[in-house]
There are 2 protein chains.
Amino acid sequence: MAMPEVLFALEGRPTAQLIADQLREQIVKGMFRPGEQINESVLASQLRTSRGPVREALQRLCQEGILVSRRNRGVFVLELATDDIREIYAVREAVEATAADALLDAGQEQVRDTCQALKAIISDMAKQVAVSDWQSIARLDMQFHTSFVAGAGNTRLIRIYETLAAESRMCILNLEIAYPRIDVLVQEHQNILDLLESGGREELHKVIKQHMQTAVEDLTATRKEKEVIA
Amino acid sequence: MAMPEVLFALEGRPTAQLIADQLREQIVKGMFRPGEQINESVLASQLRTSRGPVREALQRLCQEGILVSRRNRGVFVLELATDDIREIYAVREAVEATAADALLDAGQEQVRDTCQALKAIISDMAKQVAVSDWQSIARLDMQFHTSFVAGAGNTRLIRIYETLAAESRMCILNLEIAYPRIDVLVQEHQNILDLLESGGREELHKVIKQHMQTAVEDLTATRKEKEVIA
DNA sequence: GAACTGTAGATTGTCAACAATAGGCGATGT
DNA sequence: ACATCGCCTATTGTTGACAATCTACAGTTC
């Protein structure tokens, strides 16, 4: 039988996941303040659905960790403490280092494909830096790292990293002070790309570690400033 | 006011999470076969509750990855392929190595507390090995590693590892061939404990890597045998 | 006036009925 | 006999109503 292969199976995912994806995007974009309560009823009416699917989506996000649930009180947007930042970036460093090793071990072709994707992202990033679109820069920054990890092809690593990426975006946005080292941002990512392409494993590990450490320093520093103000 | 501090706040956790925890334990114990469908209605009646909370719990487990959801079909127990085993143990290696570093950096006291917990687990493990209680051995094996990671105190690392631990137990049970190297099992864990205590960072990394590699080899080997039979 | 208590409002937690969908199975036609 | 079509049933997906719980506020008492 002549199966038309052009038609892709419209794999309608579970509704709760679609809602969760939308909501996560809204949260990391900063549409909800940290600590803010998520009201099920208003969310349900906004999405033109009932509370059931909404509750299921919220459960997912609680499991992910970007929402916290208090019994009989509801769910609230995660409030990130300084220790959380350190945790997140420590795990990110480990995951990216693992992804780097797996990628380099996987062979030249896989590395090349990944590099191609990363180049495109860096190119976009440079454009957004030129017009100072912080929202897009944050998105592309995480997209770069997510694509990097995705290149390794380990689905569990990818799933783990997606949560970390969401939390990282929350760190950046909630502090409301975007990238203090904007001038070197593109260059830093280009460094990672170059080292991946040249296959310098040790240097790659080192630059990833450096990248995370400076991020933590920047984020905790701006956080300290805010504390002084408050 | 004289607040009686002896009373601890009974922080009743969300019902869905309680159900999810119970169900996860049942799954990793092998009460459900891989690929088997989880019927919401029967589960709800077994738990003396309605389908709502059950569905929420199932959502959580889908997010974790030990269940897979197919739209309008329901949720099924994850079927582990050989590649999954490799993925799981690769990530476990990375997480444990990261935990080891964090633990050694955290200071002597934290290391000592962790070692004490690990010693107790090894002791229990030896007892169960003596009576060949495979179910308990598998549980204690993962409890050892989970406690090891927990020692580092990184909540995100712990949460990540709990899922990996659940998947690992599924690997072991679903293959239905427990520990081929039962004689060295206790010794291997004792090695990890000793190296943690002595602070040998590089050796610790190496032995963790070795531990995971042999596990993958054992699991994939027994899997191959089964394929031949089937 | 301060502290405690009881009530009111809002929000979450739970439930049972209803609707929709996918796969199984038999009927039908070639 | 084989393939196809259409119904049928079991199960999931969704909904609105109801119950339980918490916070806030007002009333009451000392």
Side-chain angles (χ1 to χ4, degrees), chain A residues 1-4 7-23 27 32-64 66-79, chain B residues 1-4 7-23 26-27 31-64 66-79:
Chain A
M1 187 194 299
M3 268 295 272
L7 295 178
F8 54 90
L10 48 88
E11 197 172 309
R13 287 201 200 171
T15 314
Q17 192 168 326
L18 297 174
I19 297 175
D21 289 342
Q22 263 195 55
L23 197 53
I27 290 170
F32 296 92
R33 290 283 149 80
E36 184 178 342
Q37 183 168 12
I38 308 281
N39 189 311
E40 294 176 2
S41 303
V42 302
L43 199 60
S45 56
Q46 280 177 5
L47 291 165
R48 300 293 178 81
T49 180
S50 77
R51 281 176 51 212
V54 171
R55 281 179 63 85
E56 290 173 19
L58 293 177
Q59 291 288 339
R60 287 185 101 100
L61 297 176
C62 286
Q63 180 79 12
E64 276 184 43
I66 67 176
L67 294 180
V68 291
S69 171
R70 276 186 265 173
R71 181 162 177 107
N72 293 321
R73 294 292 310 281
V75 298
F76 302 81
V77 178
L78 178 67
E79 289 184 278
Chain B
M1 189 197 296
M3 268 296 272
L7 296 178
F8 53 90
L10 47 89
E11 196 172 309
R13 289 204 279 180
T15 313
Q17 191 168 327
L18 298 174
I19 297 175
D21 290 341
Q22 262 195 57
L23 196 53
Q26 296 297 315
I27 291 170
M31 306 303 278
F32 296 92
R33 289 283 150 82
E36 183 178 341
Q37 182 167 12
I38 307 282
N39 189 309
E40 295 176 0
S41 303
V42 301
L43 199 60
S45 55
Q46 280 177 5
L47 292 165
R48 300 293 178 80
T49 180
S50 77
R51 281 176 52 211
V54 170
R55 279 180 65 83
E56 291 173 20
L58 294 177
Q59 290 288 339
R60 289 185 99 101
L61 297 175
C62 286
Q63 179 78 11
E64 275 185 44
I66 66 175
L67 294 180
V68 291
S69 171
R70 276 188 267 171
R71 183 168 176 103
N72 293 322
R73 292 294 310 283
V75 298
F76 302 80
V77 178
L78 178 65
E79 289 184 279

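A note on names: the letters A, B, ... follow the listed sequences, proteins ahead of strands, and every chain is numbered from 1.
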For residues 47-54 of chain B, tabulate all N or O donor-acceptor pairs below 3.5 Å that involve a side-chain atom, not counting sequence neighbours.
{"unit_1": "B:R51", "atom_1": "NE", "unit_2": "B:E40", "atom_2": "OE1", "d": "3.0"}
{"unit_1": "B:R51", "atom_1": "NH2", "unit_2": "B:E40", "atom_2": "OE1", "d": "3.0"}

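Of the side-chain N and O atoms in B:R71, none sit less than 4.0 angstrom from OP1 or OP2 of D:dT12. In this structure, A:T15 reaches the D:dT14 phosphate: one of its side-chain N or O atoms is under 4.0 Å from OP1 or OP2. Look at B:Q37 and you'll find a side-chain N or O under 4.0 angstrom from OP1 or OP2 of D:dT12. Between A:N39 and C:dT11 there is a side-chain N or O to OP1 or OP2 distance below 4.0 Å. Applying the 4.0 Å criterion to OP1 and OP2 of C:dT14, one finds that B:T49 has every side-chain N and O outside that range.
Counting non-hydrogen atoms under 4.0 angstrom, A:G74 reaches the backbone sugars and phosphates but no base.
A:Q59 has its CD atom 10 Å from the P atom of C:dT14, to the nearest Å. Counting to the nearest Å, the P atom of C:dA10 and the CG atom of A:N72 are 18 Å from each other. B:I38 places its CD1 atom 10 Å from the P atom of D:dT12, with the value rounded to the nearest Å. Atom CG of A:L67 is separated from atom C1' of C:dT12 by 15 Å (rounded to the nearest Å). To the nearest angstrom, P of C:dA10 lies 21 Å from CZ of A:R70. For the pair A:E40 CD and D:dT15 P, the interatomic distance rounds to 14 Å; values are reported in whole Å. Here D:dT14 presents its P atom at 17 Å from CZ of A:R48, a figure rounded to the nearest Å. One atom, CZ of A:R55, and another, P of C:dT11, lie 15 Å apart when rounded to the nearest Å.
Evaluated for a side-chain hydrogen bond (donor to acceptor under 3.5 Å, both in side chains) with B:Q59, the options A:Q59, A:R55, A:R60 yield exactly one hit, A:R60.
For the pair A:E64 (side chain) and A:L61 (backbone), a donor-acceptor distance under 3.5 Å is absent.
Residue A:R51 places a side-chain atom within donor-acceptor reach of the base of C:dG13, judged by atom type and a 3.5 Å distance cut-off alone.
A residue-by-residue look at A:P53 and A:R73 shows that A:P53 has its nearest nucleotide of DNA chain D further toward the 5' end.
For the residue pair A:Q63 / B:Q63, no side-chain donor-acceptor distance below 3.5 Å is found, with atom types taken as modelled.
The CG atom of A:L78 sits 9.5 Å away from atom CD1 of A:I27, with the distance rounded to the nearest 0.5 Å.
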